[in-house]
Amino acid sequence: MIDTHAHLTDNRFAHDLEDVLLRAKESGVRAIINVGYDLPSSRRSVALAAKREQLFAAVGIHPHEAARVGEQALVQLRQLALDGNVVALGEMGLDYYYNHSPRNLQQELFRQQIRLAKSLSLPIIVHDRDAHEDVLTILGEEGAETVGGVLHCFSGNRNFAARCLNLGFHISLAGPVTFNNSRDLAAVAGTIPKDKLLLETDAPYLAPVPYRGKRNEPAYLLEVAKKVAALCGITPEELSDCTTENAKKLFKLEIKGNSRA
Ligand code: NI
(Lines give C-alpha, C1' and ligand atoms only; values in the text may rest on other atoms or scores of the structure.)
Protein backbone atom coordinates (compact mmCIF):
# COMPACT_ATOMS: atom_id res chain seq x y z
CA MET A 1 0.00 0.00 0.00
CA ILE A 2 0.95 3.61 -0.40
CA ASP A 3 -0.01 6.27 2.12
CA THR A 4 -0.60 9.16 -0.27
CA HIS A 5 -0.90 11.81 2.43
CA ALA A 6 0.91 12.13 5.76
CA HIS A 7 2.58 14.90 7.72
CA LEU A 8 5.60 13.21 9.26
CA THR A 9 7.37 16.52 9.83
CA ASP A 10 4.77 17.24 12.51
CA ASN A 11 6.20 17.65 16.01
CA ARG A 12 4.26 14.66 17.20
CA PHE A 13 6.66 12.43 15.24
CA ALA A 14 9.81 14.16 16.43
CA HIS A 15 10.66 11.60 19.09
CA ASP A 16 9.88 8.30 17.35
CA LEU A 17 9.93 8.72 13.56
CA GLU A 18 12.16 5.65 13.18
CA ASP A 19 9.60 3.43 14.90
CA VAL A 20 6.76 4.97 12.95
CA LEU A 21 8.49 4.22 9.63
CA LEU A 22 9.28 0.69 10.74
CA ARG A 23 5.69 -0.01 11.78
CA ALA A 24 4.51 1.38 8.45
CA LYS A 25 6.75 -1.04 6.58
CA GLU A 26 5.65 -3.96 8.74
CA SER A 27 2.00 -3.26 8.08
CA GLY A 28 2.55 -3.19 4.32
CA VAL A 29 2.97 0.50 3.59
CA ARG A 30 5.72 0.59 0.96
CA ALA A 31 5.80 4.29 0.36
CA ILE A 32 4.52 7.47 1.96
CA ILE A 33 3.95 10.85 0.39
CA ASN A 34 4.89 13.38 3.02
CA VAL A 35 2.92 16.54 2.41
CA GLY A 36 3.94 20.13 3.19
CA TYR A 37 1.47 22.78 4.30
CA ASP A 38 3.72 25.86 4.38
CA LEU A 39 7.27 26.70 3.29
CA PRO A 40 9.09 25.35 6.39
CA SER A 41 7.18 22.04 6.38
CA SER A 42 7.66 21.73 2.61
CA ARG A 43 11.38 22.28 3.05
CA ARG A 44 11.53 19.65 5.80
CA SER A 45 9.51 17.27 3.66
CA VAL A 46 12.02 17.54 0.82
CA ALA A 47 14.93 17.04 3.23
CA LEU A 48 13.31 13.99 4.81
CA ALA A 49 12.55 12.38 1.46
CA ALA A 50 16.21 12.74 0.49
CA LYS A 51 17.16 10.56 3.43
CA ARG A 52 14.50 7.84 3.19
CA GLU A 53 13.73 5.47 0.35
CA GLN A 54 10.21 5.05 1.70
CA LEU A 55 9.38 8.73 1.45
CA PHE A 56 8.35 11.08 -1.31
CA ALA A 57 7.57 14.76 -0.87
CA ALA A 58 4.79 17.14 -1.83
CA VAL A 59 5.32 20.85 -1.38
CA GLY A 60 2.58 23.41 -0.99
CA ILE A 61 0.87 26.05 1.08
CA HIS A 62 -2.32 25.26 2.95
CA PRO A 63 -5.24 27.71 2.64
CA HIS A 64 -4.95 28.41 6.37
CA GLU A 65 -1.68 30.21 5.56
CA ALA A 66 -3.05 32.36 2.74
CA ALA A 67 -3.08 35.57 4.80
CA ARG A 68 0.49 35.05 5.97
CA VAL A 69 2.40 34.11 2.82
CA GLY A 70 5.04 36.54 1.69
CA GLU A 71 5.53 37.81 -1.85
CA GLN A 72 8.40 35.43 -2.47
CA ALA A 73 6.54 32.33 -1.33
CA LEU A 74 5.64 31.08 -4.79
CA VAL A 75 9.18 31.61 -6.02
CA GLN A 76 10.51 29.59 -3.11
CA LEU A 77 7.89 26.92 -3.61
CA ARG A 78 8.95 26.58 -7.24
CA GLN A 79 12.57 26.14 -6.15
CA LEU A 80 11.58 23.38 -3.71
CA ALA A 81 9.37 21.68 -6.27
CA LEU A 82 12.31 21.17 -8.61
CA ASP A 83 13.77 18.57 -6.23
CA GLY A 84 13.70 15.06 -7.67
CA ASN A 85 11.76 13.58 -4.75
CA VAL A 86 8.87 16.01 -5.11
CA VAL A 87 5.96 14.20 -6.74
CA ALA A 88 3.13 16.70 -6.31
CA LEU A 89 2.24 20.23 -5.39
CA GLY A 90 0.14 20.54 -2.25
CA GLU A 91 -1.53 20.63 -0.08
CA MET A 92 -3.46 23.55 -1.50
CA GLY A 93 -7.10 24.44 -1.67
CA LEU A 94 -9.88 26.07 0.30
CA ASP A 95 -10.99 25.78 3.90
CA TYR A 96 -14.29 27.54 4.63
CA TYR A 97 -14.76 25.67 7.89
CA TYR A 98 -12.01 27.32 9.88
CA ASN A 99 -11.61 30.41 7.66
CA HIS A 100 -8.18 31.08 9.15
CA SER A 101 -7.53 33.28 6.12
CA PRO A 102 -10.00 35.41 4.14
CA ARG A 103 -11.65 33.46 1.35
CA ASN A 104 -10.47 35.75 -1.45
CA LEU A 105 -6.85 35.23 -0.38
CA GLN A 106 -7.34 31.47 -0.15
CA GLN A 107 -8.75 31.45 -3.66
CA GLU A 108 -5.89 33.51 -5.07
CA LEU A 109 -3.25 31.28 -3.45
CA PHE A 110 -5.04 28.17 -4.71
CA ARG A 111 -5.08 29.55 -8.25
CA GLN A 112 -1.41 30.54 -8.11
CA GLN A 113 -0.40 27.06 -6.97
CA ILE A 114 -2.44 25.37 -9.68
CA ARG A 115 -0.65 27.55 -12.25
CA LEU A 116 2.68 26.63 -10.71
CA ALA A 117 1.81 22.93 -10.80
CA LYS A 118 0.88 23.25 -14.48
CA SER A 119 4.15 24.98 -15.28
CA LEU A 120 6.01 22.12 -13.56
CA SER A 121 3.72 19.34 -14.86
CA LEU A 122 3.08 18.10 -11.32
CA PRO A 123 -0.25 16.73 -10.06
CA ILE A 124 -1.93 18.61 -7.22
CA ILE A 125 -3.14 17.56 -3.77
CA VAL A 126 -6.32 19.44 -2.94
CA HIS A 127 -7.64 20.25 0.52
CA ASP A 128 -11.36 21.04 0.49
CA ARG A 129 -13.30 21.73 3.65
CA ASP A 130 -16.85 23.05 3.21
CA ALA A 131 -15.81 24.65 -0.07
CA HIS A 132 -16.95 22.12 -2.69
CA GLU A 133 -18.47 24.53 -5.19
CA ASP A 134 -15.59 27.01 -5.19
CA VAL A 135 -13.02 24.21 -5.38
CA LEU A 136 -14.70 22.82 -8.48
CA THR A 137 -15.05 26.25 -10.05
CA ILE A 138 -11.37 27.06 -9.55
CA LEU A 139 -10.16 23.64 -10.71
CA GLY A 140 -12.25 24.10 -13.84
CA GLU A 141 -11.33 27.71 -14.56
CA GLU A 142 -7.62 27.08 -14.06
CA GLY A 143 -7.64 23.98 -16.26
CA ALA A 144 -6.27 21.86 -13.43
CA GLU A 145 -7.28 18.68 -15.23
CA THR A 146 -4.22 19.01 -17.46
CA VAL A 147 -2.08 17.95 -14.49
CA GLY A 148 -4.76 16.15 -12.48
CA GLY A 149 -4.45 15.24 -8.88
CA VAL A 150 -6.45 14.19 -5.89
CA LEU A 151 -9.15 15.45 -3.60
CA HIS A 152 -7.46 14.46 -0.37
CA CYS A 153 -9.40 13.23 2.67
CA PHE A 154 -12.53 13.39 0.56
CA SER A 155 -15.55 14.67 2.44
CA GLY A 156 -18.22 15.24 -0.18
CA ASN A 157 -21.25 13.27 -1.28
CA ARG A 158 -21.78 11.10 -4.37
CA ASN A 159 -22.74 14.00 -6.55
CA PHE A 160 -19.63 16.00 -5.71
CA ALA A 161 -17.48 12.90 -6.18
CA ALA A 162 -18.94 12.39 -9.63
CA ARG A 163 -18.16 15.98 -10.60
CA CYS A 164 -14.55 15.66 -9.38
CA LEU A 165 -14.16 12.42 -11.30
CA ASN A 166 -15.54 14.14 -14.40
CA LEU A 167 -12.69 16.60 -14.15
CA GLY A 168 -10.32 13.63 -14.15
CA PHE A 169 -9.42 13.87 -10.49
CA HIS A 170 -8.70 11.03 -8.10
CA ILE A 171 -10.43 10.65 -4.76
CA SER A 172 -8.54 9.75 -1.63
CA LEU A 173 -10.18 8.26 1.44
CA ALA A 174 -8.83 8.58 4.96
CA GLY A 175 -9.75 7.69 8.55
CA PRO A 176 -13.20 9.32 8.56
CA VAL A 177 -14.51 6.54 6.30
CA THR A 178 -14.17 4.22 9.32
CA PHE A 179 -16.16 6.47 11.65
CA ASN A 180 -19.65 5.39 12.66
CA ASN A 181 -21.22 8.66 11.57
CA SER A 182 -19.71 8.59 8.08
CA ARG A 183 -22.76 7.32 6.22
CA ASP A 184 -22.33 9.76 3.31
CA LEU A 185 -18.73 8.77 2.87
CA ALA A 186 -19.54 5.07 3.07
CA ALA A 187 -22.08 5.53 0.29
CA VAL A 188 -19.48 7.31 -1.86
CA ALA A 189 -16.70 4.75 -1.45
CA GLY A 190 -18.34 1.99 -3.45
CA THR A 191 -19.14 4.31 -6.36
CA ILE A 192 -15.60 5.51 -7.02
CA PRO A 193 -14.10 3.78 -10.08
CA LYS A 194 -11.31 1.47 -8.93
CA ASP A 195 -8.78 3.28 -11.11
CA LYS A 196 -9.47 6.61 -9.41
CA LEU A 197 -9.28 5.58 -5.79
CA LEU A 198 -6.41 6.38 -3.40
CA LEU A 199 -5.78 5.74 0.29
CA GLU A 200 -4.20 7.97 2.89
CA THR A 201 -3.91 8.47 6.62
CA ASP A 202 -3.45 12.29 6.87
CA ALA A 203 -1.33 11.36 9.90
CA PRO A 204 -1.04 12.65 12.60
CA TYR A 205 -4.70 13.66 12.19
CA LEU A 206 -7.90 11.66 11.87
CA ALA A 207 -6.82 8.23 13.12
CA PRO A 208 -9.16 5.51 11.89
CA VAL A 209 -11.22 3.30 14.19
CA PRO A 210 -10.05 1.60 16.48
CA TYR A 211 -7.39 4.29 17.02
CA ARG A 212 -9.78 7.21 16.77
CA GLY A 213 -8.65 10.13 18.92
CA LYS A 214 -5.05 8.95 19.09
CA ARG A 215 -2.10 10.17 17.06
CA ASN A 216 -2.49 8.75 13.59
CA GLU A 217 0.42 7.11 11.75
CA PRO A 218 0.94 5.45 8.35
CA ALA A 219 0.72 1.91 9.79
CA TYR A 220 -2.96 2.56 10.48
CA LEU A 221 -3.58 2.76 6.73
CA LEU A 222 -4.45 -0.91 7.01
CA GLU A 223 -7.64 -0.03 8.92
CA VAL A 224 -8.69 2.44 6.23
CA ALA A 225 -7.96 -0.16 3.55
CA LYS A 226 -9.98 -2.87 5.29
CA LYS A 227 -12.99 -0.61 5.62
CA VAL A 228 -12.84 0.72 2.05
CA ALA A 229 -12.39 -2.81 0.68
CA ALA A 230 -15.51 -3.94 2.54
CA LEU A 231 -17.48 -0.97 1.20
CA CYS A 232 -16.29 -1.73 -2.35
CA GLY A 233 -17.04 -5.43 -2.02
CA ILE A 234 -13.47 -6.50 -2.82
CA THR A 235 -10.69 -8.05 -0.75
CA PRO A 236 -8.15 -5.83 1.03
CA GLU A 237 -5.50 -7.35 -1.27
CA GLU A 238 -7.40 -6.34 -4.40
CA LEU A 239 -7.88 -2.88 -2.97
CA SER A 240 -4.19 -2.56 -2.07
CA ASP A 241 -3.20 -3.62 -5.56
CA CYS A 242 -5.40 -1.16 -7.41
CA THR A 243 -4.80 1.82 -5.11
CA THR A 244 -1.05 1.20 -5.19
CA GLU A 245 -1.12 1.15 -8.99
CA ASN A 246 -3.19 4.34 -9.04
CA ALA A 247 -0.80 6.16 -6.71
CA LYS A 248 2.26 5.01 -8.67
CA LYS A 249 0.72 6.21 -11.89
CA LEU A 250 -0.65 9.55 -10.70
CA PHE A 251 2.50 10.56 -8.80
CA LYS A 252 4.94 8.72 -11.11
CA LEU A 253 6.52 6.99 -8.13
CA GLU A 254 9.61 4.94 -8.57
CA ILE A 255 9.56 2.65 -5.60
CA LYS A 256 12.82 1.09 -4.65
CA GLY A 257 12.98 -2.52 -3.55
CA ASN A 258 10.52 -5.10 -4.81
CA SER A 259 8.98 -6.44 -1.62
CA ARG A 260 5.32 -6.89 -2.37
CA ALA A 261 2.93 -5.51 0.23
NI1 NI B 1 -3.18 17.05 5.29
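Every number for a ligand or one of its atoms is a count from 1 in the order of the listing. What's counted below: heavy atoms across the whole structure, side chains too, no hydrogens, waters or symmetry copies. Sequential numbering from 1 along the given sequence is applied to the chain's residues.
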More than 12 heavy atoms of other residues, nucleotides or ligands under 6.0 Å from CG of N181: yes or no?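 Result for CG/N181: enclosed.
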Under 6.0 Å from the CZ atom of R158, do we count more than 12 heavy atoms belonging to anything else shown?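 No - once you tally the heavy atoms of other residues, nucleotides and ligands closer than 6.0 Å, there are 12 at most.
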Using 2.8 Å as a strict upper limit, say whether an N, O or S atom of H62 approaches the Ni ion (ligand 1) that closely.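 No - counting backbone and side chain alike, H62 has no N, O or S atom under 2.8 Å.
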N/O/S of H7 less than 2.8 Å from the Ni ion (ligand 1)?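 Short answer: yes, at least one N, O or S atom is under the cut-off.
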With respect to the Ni ion (ligand 1), what is the nearest N, O or S atom of D202?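 The nearest such atom is OD1.
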If you consider just the N/O/S atoms, which atom of E91 is the closest one to the Ni ion (ligand 1)?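 Looking only at N, O and S atoms of E91, the one nearest the Ni ion (ligand 1) is named OE2.
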Run the salt bridge (charged side-chain N to carboxylate O under 4.0 Å, His left out) check on E108 and R111 step by step: do they pass? CA-CA 5 Å; E108 188 50 34; R111 287 181 188 275; 5.1 Å; no
Cluster overlap Y220 with V209, hydrophobic side-chain contacts below 4.5 Å: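 Hydrophobic grouping puts Y220 apart from V209.
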